[in-house]
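On a predicted model such as this, the values are computed, not experimentally measured, just so you know.
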There are 2 protein chains.
Amino acid sequence: MDRRVTKKGDDGTSGKERPTLKTLAFMTGLGVTTVSRALKDAPEIGAETRRRVQLVAKQIGYRPNRAGVRLRTGKTNVISLVLNTEHELMSFVSDIIYGVTEVIADTPYHLIVTPYSRSQDPLDPVRYLVETGSADGVIISRTQPSDPRARYMLERGIPFATHGRTDMGLVHPYHDFDNYAFAGEAVRYLAGRGRNRLALVTPPVGLTYHGHTVAGFADALSEVGASEVPFNTVSIDQSIEQIRMRTAQLMRRKDRPDGFVSSAAAATLAIVAGIEDAGLKLGRDVDVVSKQSSELLHLFRRELLVVNENFRLAGSELARAVLGWIGGADPGTLQSLSTPSEVLPYRG
Amino acid sequence: MDRRVTKKGDDGTSGKERPTLKTLAFMTGLGVTTVSRALKDAPEIGAETRRRVQLVAKQIGYRPNRAGVRLRTGKTNVISLVLNTEHELMSFVSDIIYGVTEVIADTPYHLIVTPYSRSQDPLDPVRYLVETGSADGVIISRTQPSDPRARYMLERGIPFATHGRTDMGLVHPYHDFDNYAFAGEAVRYLAGRGRNRLALVTPPVGLTYHGHTVAGFADALSEVGASEVPFNTVSIDQSIEQIRMRTAQLMRRKDRPDGFVSSAAAATLAIVAGIEDAGLKLGRDVDVVSKQSSELLHLFRRELLVVNENFRLAGSELARAVLGWIGGADPGTLQSLSTPSEVLPYRG
DNA sequence: TTGGCAATCTGTAACGTTTCAGTATATTGA
DNA sequence: TCAATATACTGAAACGTTACAGATTGCCAA
């Protein structure tokens, strides 16, 4: 009986409102259902109708409302990158982000950054994402051999990719840098320069690539007949000052190493500072092979020997992997390993 | 007449589904409307009912469905950080991100990263965000004196904050580092060390802080009676190689500078390399004052003079500003300027 | 007793989308 | 010719939330 002032049938053609399916339906004279299906190339729509709808949609700049889709289908069109906001000094984080955005640029996906801090359980942010259904896919880093986050997401069936491998006998997408090869190459290169008492600056204990690095280092040591100078008190996620001090201590001992293999550029800066604190000279008394993610170590000390790790590539690969899994691909086919470059001495 | 198999009134208490308002309504015996209002402390709900609903909600871990809220209210609970994915070599980006996430951690907001590349109009991503209503607030960087993005968002009434100021006579939230003061301090410090032929490594031309830096530099020069050695062919967003080469060229001339003021750490690495390419020695032939965002320049060359810029703080301030504006605060009160530290010589 | 009013609570509609179950029309097979 | 079937389209319902317009109850003044 009583008609409301704002009645349902307003066709959305007035004013500057964003066009919706209803707008398109009105303009084409079709029903919303037909429009919806025409836009996603459903087979039961006539070819001409389809073209017509798509043309009009393009003309008026129709974009599906994300909230509508998400509410109806559960699809969020969101990828989440889960980051620890306290580790990783010289942050490769931006490179990963750029790599990811590069890949999702021409998809409907958005990238959200989900942080967690040292004090939290790394599982927390992942649990949050899954429980609230906030993302269609997740990228995690700081991967562990037996990673509770990977296990959790596998159980819930949510697509993800890990930066670094796991070792749980479970298959999932990952991208990893071949740290075993890196450490091996580094040792062989140092041995080739006559260095035979080598110390390793390891990745954080507990992460998978710590194991890979240590193994590559050890295997190559015995291969070339060099020996290890234990340096277990140091790993790359310690502070610059800590590493520097410990390095200086080490280098003042008479059984000091004549070569270092360092897993991160930031740590390398500290190692070099420690070496020089002890009055020794890089390239003469000791050589250092280091990974780096941007071209700055050669500027730092020309004597440094570097191997490049491309984090932008890692970001792209991880994004591709997650999207692939979401798209229904076999997770086992979405794994990639990046081979280290050769050891690069200073050129020019 | 005919009852559907799946009928409306299923109360959502079966199985592992995420609880909704309907679930809460069923459990408390109230209507969904009442529950909804009870959760947001609406005044027309009885005190006891309110407590009861909130208790149950907490117990079963109710979280409002973002898509539902967003569809109904238009509120996205999203902040977007708009980034250029090609500039800024030594990326402070991660610090900004961490700063932002720190602030939004205990809010319902998510952070999405919206990239754009050199080839695109910087206005594109902003237009996209506004047109699709993808965010409640936006943070932009690489701010220009007359910034089309700021103007655009002001016109549309969407809350935003800029990293760096504008100069259009329009008021909006910003956070900026006082680059005028930085350049001035740097010049005065160099003058204090007897340097009087100074070169400036400027921020990218066109950005607001280029002007601030140049002005601070020029004003301090005349204040201390030093002179400028023009170095306009270089700015900090050029490649390492470019800067290095140009610096070496400059330093081989007889009218070379005896002091540099550098606006970014990455550029400083190149400057120093160029200086040394020309056979000169830092600290003896020339001094360099540089901004840095992490503590690495002192490791690089102990003779470097540094001023710290805290990008994590910038991220936090920007997030606070946007949230404040969204929350209804006066944009004019959401502006902050970060004062540079003193020039720090090498210690220890 | 009655009317008015405040205090609480509730049903319905709507946001934009997709899916389900149809409907109408044309086409085919016998 | 008629029924069966394919083709092309459509309305209604539902996802979870909030806003609007009531509805119910109890209490008090007249």
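With sequence neighbours excluded, the residues that form a salt bridge (charged side-chain N to carboxylate O under 4.0 Å, His left out) with A:E44 are A:R37. Residues satisfying the side chain to side chain contact (heavy atoms under 4.5 Å, CB included) test with B:L71, not counting sequence neighbours, are A:N65, A:A67, A:L71. Every residue meeting the salt bridge (charged side-chain N to carboxylate O under 4.0 Å, His left out) condition with A:R127, not counting sequence neighbours, appears here in chain and number order: A:D124. Take B:R70 and apply the salt bridge (charged side-chain N to carboxylate O under 4.0 Å, His left out) test, not counting sequence neighbours, and it matches no residue.
Checked by atom type, the side-chain pair B:S146/B:R151 shows a donor-acceptor distance below 3.5 Å. No side-chain donor from either of B:D176 and B:Q335 sits under 3.5 Å from a side-chain acceptor of the other.
When distances are taken from the side chain of A:T20 to each of C:dG16, D:dT18, C:dC20, the shortest belongs to C:dG16. Here C:dT17 is the nucleotide among C:dT17, D:dG11, D:dC9 with the atom lying nearest to any side-chain atom of A:V69. Distance from the side chain of B:E44 is smallest for C:dT8 among the nucleotides C:dG16, C:dT8, D:dT10.
We find that B:R320 and B:E317 are joined by a salt bridge, their nearest charged nitrogen and carboxylate oxygen being less than 4.0 Å apart.
When the P atom of D:dG22 is taken as reference, atom CZ of B:R37 falls 15 Å away, rounded to whole Å. At whole-Å resolution of the value, CZ in B:F26 and P in D:dG16 are 16 Å apart. The CZ-C1' distance, from B:R72 to D:dT18, rounds to 4 Å in whole Å. In this structure, A:N77 atom CG and C:dT17 atom P are separated by 13 Å, rounded to whole Å. Atom P of nucleotide D:dC9 and atom CG of A:L39 are separated by 13 Å, given to the nearest angstrom. Atoms CG (A:L30) and P (C:dA24) sit 18 Å apart, rounded to a whole Å. Residue A:R70 contributes atom CZ, which lies 17 Å from atom P of C:dT19 at whole-angstrom precision. For B:R18 and D:dG16, the CZ to P distance is 9 Å, given to the nearest whole Å.
The side chain of A:S36 places no N or O atom within less than 4.0 Å of a non-bridging phosphate oxygen (OP1 or OP2) of C:dT19. Note on A:K22: every side-chain N or O is 4.0 Å or more away from OP1 and OP2 of C:dG16.
The list of ring-ring contact (aromatic ring centres under 6.0 Å, His included) pairs with a residue in residues 123-143 of chain B, not counting sequence neighbours, reads A:H110-B:Y128.
For C:dT8, the base has no donor-acceptor partner in the side chain of B:T49 [N/O atoms by modelled type, under 3.5 angstrom]. Donor-acceptor pairing under 3.5 Å, judged by distance alone, is absent between the side chain of A:T34 and the base of D:dA8.
Each of B:I45 and A:L71 was matched to the nucleotide of DNA chain C holding its nearest heavy atom; the match closer to the 5' end belongs to B:I45. Each of A:P43 and B:L21 lies near DNA chain D, and the nucleotide nearest A:P43 is the one positioned closer to the 5' end. Between B:K40 and A:A47, it is A:A47 whose nearest contact on DNA chain D lies nearer the 5' terminus. Residue order along DNA chain C, read from the 5' end via each residue's closest nucleotide, puts B:G46 first among B:T73 and B:G46.
At a threshold of 4.0 angstrom between heavy atoms, the contacts of A:G29 are confined to the sugar-phosphate backbone, with no base atom among them.
Within residues 51-68 of chain A, no residue places a heavy atom under 4.0 Å from DNA chain D.
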